[in-house]
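Have a look at the structure below, then the notes.
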2 protein chains.
Amino acid sequence: MVVDIEQAVIEAILGGRMRPGTRLGESDLAELFDVSRTRVREAMMRLETRGIVQVLPRRGWFVVEPSADEARAAFHARRVIETGLLHMVSAMPASALAGLRRHVEIERAAIAGGDIGSSACLLGDFHIHLAEVCGNPLLTEILRDLTARTVLVSMLYQSRDDAAASNDDHVAILDALEAQDFPRAAALMAEHIDHVEAGLDLTLQPDRLAGLRELFITDAAGPAGAPPHGATDVAAALRPHPPAATPPGAILSQQPKDD
Amino acid sequence: MVVDIEQAVIEAILGGRMRPGTRLGESDLAELFDVSRTRVREAMMRLETRGIVQVLPRRGWFVVEPSADEARAAFHARRVIETGLLHMVSAMPASALAGLRRHVEIERAAIAGGDIGSSACLLGDFHIHLAEVCGNPLLTEILRDLTARTVLVSMLYQSRDDAAASNDDHVAILDALEAQDFPRAAALMAEHIDHVEAGLDLTLQPDRLAGLRELFITDAAGPAGAPPHGATDVAAALRPHPPAATPPGAILSQQPKDD
DNA sequence: CCCATCAGCCTTGTATGCAAGGGTTCATCT
DNA sequence: AGATGAACCCTTGCATACAAGGCTGATGGG
């Protein structure tokens, strides 16, 4: 299904595996997912209308590289929606709160364990889950896409990333929700998103080489064998689970269709 | 361009010319816009990801007919975003206010003139313009799509439509904005959207024949000459300016929402 | 007379083929 | 050597052809 490609790209972004500017060649993706270019184009166009990728005519599809203005707009939009959502909530079921508690606990563990990749992913997931339990699928969808954008922004402009502070913020928000103090939860959410945005340096020129640089840092042994097209390895990014030493020829093609 | 088709559909919906459930045949649109089916499919798929149309496999593309739950979700989303937006605004340029003042004046005139079609369109446009002057293109886009949805909802579930009251609400919101009392503006906005939603009867079975019924009411002279494809005339709906076949004054004023 | 079955048509679904345009590289000229 | 131009290759853009499935209408049987 075409939704697989879309979802794979979104998840790769949310999981921090796919950087802004990554080229998504139609033929490459077609081969990777074992579908025709037609399906890939469908997925790309859907992702384009969701603001996740953009096309440069005759050049190719690329994961968006939000400008500073677009970055600010994305954070502003999240502030608007997430605080609006909390302001308007009138009650939250205990089960939902429990689920969110579990989530922040997992966050904490991942951060304590130093797992940068999955902790970033989990921190973003918190907001999506929070939207989910508010019961509006439209807003959940919108926030998922906005979160993907802000994750991309973070990759481009990140100057510091205080995951522990974010986790603390999440806990504080949950405390307010548990106390049924929704205005306070909304205020805390606004502050939290402010903190995250403040951790960026939007005056910075986007660091387009960050992905490549990381490759050299983390994998200094074999830098000569560069990926065929461009700086980032699309196949690796799209693979459901992070780096991992490449299993013998196990790309996405041999996964069952029903996923 | 493919964006033309997308935009034409959106505008036809916002303008109240295209009803929920309208079938959008690929070949028909291709002929209408003089493009190939490929381009039409692109547009449809983009509109599908925006939640405006849906595809029934091997059946065709249709303008969405939101269920009662989806209707509530759409209004809720608008409440969340529009109140959140106003809550977060810290200043509004005088020129923007002036533009909005002009807009509500035009609304008033259209309502006074009994121009049902364009007054409904203008009432929706107010919210989009308000979002626009808040300066966040992302949210503007999102609200445009949500507004299109709520317009469709209104067509399906409308029991009464107090355009004058909506216009009054808009004026009150503008007054609050002019007084720099943004929390009050947000509260008024929440009330306003509540009013609009309250004017619907979401327990009602959607009236799928409303479009056809209207055709017979307004055009009783020649009911035999039915539109070539299905109940609603896609070509007429997509045409930038309303009916045109009948003298301007007569039709629109005598459109009672019979219910 | 009514109902079931089947064939034809009309719809979307999907792949493939060709066209168009931009980048890169190599060769040639200054 | 450097610059410039052209040819090639690789990319997306787009249309068309065919496949698959549902709906409708006709036809035959009960």
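What you see is a predicted model; the values in this text were computed from it and never measured. Within every chain, numbering begins at 1; the chains are lettered A, B, ... in the order of the sequence lines, protein sequences first and strands thereafter.
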Task: Residues which pass side-chain hydrogen bond (donor to acceptor under 3.5 Å, both in side chains) with B/E132, listed by chain and number, not counting sequence neighbours - done: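 Scan of B/E132 (side-chain hydrogen bond (donor to acceptor under 3.5 Å, both in side chains), adjacent residues dropped) gives none.
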TODO: Would you kindly give the CG-to-P distance between B/D28 and C/dT12, to the nearest whole Å?
DONE: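 It is 8 Å, rounded to the nearest whole Å.
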Open item on the list: Could you tell me how far apart A/M44 (CE) and D/dC14 (P) are, to the nearest whole angstrom?
Closed with: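 Interatomic distance, CE of A/M44 to P of D/dC14: 17 Å.
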Task: Under-4.0 Å side-chain N/O to phosphate OP1/OP2 contact, B/R59 with D/dG21 - done: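 So the side chain of B/R59 is outside the cut-off, no N or O lying under 4.0 Å from OP1 or OP2 of D/dG21.
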Task: Separation of A/L24 CG from A/M44 CE (nearest 0.5 Å) - done: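 A/M44 atom CE to A/L24 atom CG measures 5.0 Å (nearest 0.5 Å).
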TODO: List the protein contact pattern of nucleotides 13-20 of chain C with one symbol per nucleotide (5' to 3'): B for base contact, S for sugar-phosphate-only contact, - for none; contact means a heavy-atom distance under 4.0 Å.
DONE: BBBB--BB
Task: Greater than 12 external heavy atoms within 6.0 Å of A/Q54's CD - done: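 Check passes, neighbour count above 12.
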- [ ] Hey, can you tell me if B/H103 and B/H129 have their rings parallel, tilted or perpendicular (30° and 60° cut-offs)?
- [x]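 Taking B/H129 first and then B/H103, their aromatic rings stand perpendicular (interplane angle over 60°).
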Task: Sub-4.5 Å side-chain heavy-atom contact between A/V80 and B/N136 - done: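 No - every pair of side-chain heavy atoms lies 4.5 Å or more apart.
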